[in-house]
2 protein chains.
Amino acid sequence: MKILYHPKKEDIHLTAVLAALSDPIRIRLVLDIAKSGERPCGTFEQPVAKSTMSHHVRTLREAGVLNVRVQGTQHLLSLRSEDLEERFPGVLSSILKAAEALEREAPR
Amino acid sequence: MKILYHPKKEDIHLTAVLAALSDPIRIRLVLDIAKSGERPCGTFEQPVAKSTMSHHVRTLREAGVLNVRVQGTQHLLSLRSEDLEERFPGVLSSILKAAEALEREAPR
DNA sequence: TTTAATGTTCGATGATCTTAGAACTTTCGA
DNA sequence: TCGAAAGTTCTAAGATCATCGAACATTAAA
């Protein structure tokens, strides 16, 4: 069984989090997880190949944004909301609120 | 006199703001301006060439983070805090707070 | 024990980004 | 008028990034 690297809370870098969230596909992914809760990798309707999705998930995980839990063949994704909130209060929540508002403006 | 492009408030994109702030040099620049107020381009002690600085300032301006005001040969930089706060409430302020906290942890 | 499902990893390919130096533009002072 | 000051623009190099398809690994189910 593969062990997936997750940075410790103290090792999460602000610039890495911002970079991770600055990609349109990744922020949509994060927003979806924020709304629906923990959820397997394959259930996201994104216009990208499986390998590309894997790359984005990895980017988010290594930045400390996502937690990835393996269950059978599935990888369950969840937000590290608490860790992020403690480390950078208000950052994730305000970004998610802004992204949500934008999605209401221009849905899909 | 050159006219510098600044996006209208409604045209500021969240991902562009996050990308602009995800660079270490740029977020330090923004943090300095947040602390000291409006300030000419040349007064920042960054370990980069003048042309590189110019590129970063442009990136921040075109993302909607900075306002650039020309006065003689100087370019005065200020944060578009109000516009950003209205468009993405809490985002800039929480990021700045986090960046400030980090700077206290590891100064320079 | 196959087979299907779910992802990862490995190249490879464009695209974009960061950086710097050189040349240029504009403005202000001497 | 001439020169210094403050930036910008251009060009180029190297790095990183997003993307895909193909091959692979692991697990669950038939």
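Residue numbering restarts at 1 for every chain, and letters A, B, ... go by the order of the sequence lines.
- The pair A:Glu62-A:Arg26 does not count as a salt bridge, with every side-chain nitrogen at least 4.0 angstrom from each carboxylate oxygen.
- Remark: P of D:dG7 and CZ of B:Arg39 are 11 Å apart, rounded to the nearest angstrom.
- If you measure from atom CG of A:Leu76 to atom C1' of D:dT27, you get 14 Å, rounded to the nearest angstrom.
- Annotation for B:Arg58: atom CZ does not count as buried by contact number, only 12 or fewer foreign heavy atoms lying within 6.0 Å.
- Picking from C:dG7, C:dT19, D:dA6 the nucleotide with the shortest atom distance to the side chain of A:Lys50 gives C:dG7.
- The side chain of A:Thr73 lies closest to D:dT26, out of C:dG7, C:dT18, D:dT26.
- Distances from the side chain of A:Arg58 to the nucleotides D:dA5, C:dT9, D:dA18 place C:dT9 closest.
- Summarising the local packing, CD of A:Glu10 is surrounded by more than 12 heavy atoms from other residues, nucleotides or ligands at distances under 6.0 Å.
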Please list, for nucleotides 10-17 of chain C, all pairs of protein and nucleotide N/O atoms separated by less than 3.5 Å.
none

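- Counting to the nearest Å, the C1' atom of C:dT18 and the CD atom of B:Gln46 are 14 Å from each other.
- Between A:Gln71 and A:Met53, the residue whose closest nucleotide on DNA chain D is further toward the 5' end is A:Met53.
- Rounded to whole angstrom, the span from the CZ atom of A:Arg28 across to the C1' atom of D:dA18 amounts to 17 Å.
- Between A:Leu29 and A:Met53 there is a side-chain heavy-atom pair separated by less than 4.5 Å.
- Applying the 4.0 Å criterion to OP1 and OP2 of C:dT8, one finds that A:Ser54 has a side-chain N or O inside that range.
- At whole-Å resolution of the value, CG in B:Leu4 and P in C:dT25 are 17 Å apart.
- Rounded to whole angstrom, the span from the CZ atom of A:Arg61 across to the C1' atom of C:dG7 amounts to 12 Å.
- D:dA25 atom C1' lies 10 Å from atom NE2 of A:His75, rounded to whole Å.
- Using a 4.0 Å heavy-atom cutoff across all strands shown, A:Val48 reaches sugar-phosphate atoms only and no base atom.
- The CD atom of A:Glu85 sits 4.5 Å away from atom OG of A:Ser93, with the distance rounded to the nearest 0.5 Å.
- As rounded to whole Å, 13 Å separates atom P of D:dC17 from atom CG of A:Leu60.
- In this structure A:His13 satisfies the side chain to side chain contact (heavy atoms under 4.5 Å, CB included) test together with A:Thr15, A:Ala16, sequence neighbours excluded.
- Taking hydrophobic clusters as Ile, Leu, Val, Met, Phe, Trp and Tyr residues chained together by side-chain heavy-atom distances below 4.5 Å, A:Val30 does not share a cluster with A:Leu76.
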